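What follows is a short report on a single structure.
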Amino acid sequence: MIISNVDVGPGIKELEKSLDSSFLSDSTFVGRASGRSMEDVGIFDGDILIIERAATIKHGDVIVAVLNGLFVCKIADLKNNQLLSANPDHPPIKITEHDEYNVEGVVGQSIRMHRTSNLLG
C-alpha cells in the first residue's frame, strides 16, 4: 500500500510567501514531507521540500512524483525503473505500465521545521 508522503495545497502556497525568494524560481514549488520513509537521507516528517521542476532527473536523485494519484518523495532508481525509500522499513516500488506516474521535480533542498508554521494549518 502506498500512501502520500508529500503534502501540497493551500497551506503550502501561503508558506511560499514567507520563504526567502533566493530559494524559489519560476519553476520551483514547495511541499511538506510526511512520514518517515526518507529519514536516512535527512528528510524528516514536517520538513519543507524545495522542488525544482526544471532540473534534469539523474539516477539517485530525490524526487517528488505523483504515483497513482498520490504525491510521493522517493529516490529515483532509473536503472531498475523503481522508486526507493531511504528507510529499510519501506520496500522499493517498481513502476509498471499499469501505474499512473509523473515526476513533478527534483528535491534540491529541504528545510527542517523545528516549530510548526501557522501557515500550514
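The model shown is predicted, which means the values in this text are computed figures rather than measured ones.
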Without swapping roles, check the side chain of D61 against the backbone of A76 for a donor-acceptor pair under 3.5 Å.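 Between the backbone of A76 and the side chain of D61 there is no qualifying donor-acceptor contact (under 3.5 Å).
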So, T96 side chain and H98 main chain: donor-acceptor pair closer than 3.5 Å or not?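 A pair under 3.5 Å: yes.
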Mind checking whether [X] and [Y] have side chains closer than 4.5 Å, heavy atoms only?
| X | Y | result |
| --- | --- | --- |
| L84 | K74 | no |
| I93 | Q82 | no |
| R36 | S85 | no |

Counterpart residues, side-chain contact (heavy atoms from CB on, under 4.5 Å), relative to A86 (two or more places apart):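 Per chain and number, A86 pairs via side-chain contact (heavy atoms from CB on, under 4.5 Å) with M38, D40, V41, I75.
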Qualifying residues under side-chain hydrogen bond (donor to acceptor under 3.5 Å, both in side chains), relative to N102, sequence neighbours excluded: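 Checked N102 against side-chain hydrogen bond (donor to acceptor under 3.5 Å, both in side chains); matches are E104.
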Kindly compute the distance separating NE2 (H59) from CG (N80), expressed to the nearest 0.5 Å.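 Reported value, rounded in 0.5 Å steps: 7.0 Å.
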Going from CD1 on I43 to CD on Q109, what distance comes out if it is rounded to the nearest 0.5 angstrom?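 I43 CD1 to Q109 CD: 11.5 Å, rounded to 0.5 Å.
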Considering only residues two or more places apart or on different chains, which pairs with a residue in residues 76-94 satisfy salt bridge (Lys or Arg N to Asp or Glu O under 4.0 Å)?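 Checked against salt bridge (Lys or Arg N to Asp or Glu O under 4.0 Å) - neighbours excluded - no pair reaches residues 76-94.
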For a side-chain contact (heavy atoms from CB on, under 4.5 Å) with V106, tell me which candidate from I50, V64, I57 qualifies.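 It is I57, the one option of I50, V64, I57 that forms the side-chain contact (heavy atoms from CB on, under 4.5 Å) with V106.
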Ignoring hydrogens, what is the shortest heavy-atom contact between S110 and G42? Give both atom names and the distance.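 Closest approach of S110 to G42, heavy atoms only: OG-O, 4.2 Å.
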Over all heavy atoms of both residues, which pair between D45 and S34 is shortest? Give the atoms and the distance, please.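 Reported closest heavy-atom pair: OD1-CA, 3.1 Å.
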Validate the cation-pi geometry between R53 and F29: distance from NZ or CZ to the six-membered ring centre under 6.0 Å, angle to the ring axis within 45°.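 Geometry flag: set, cation within 6.0 Å and 45°.
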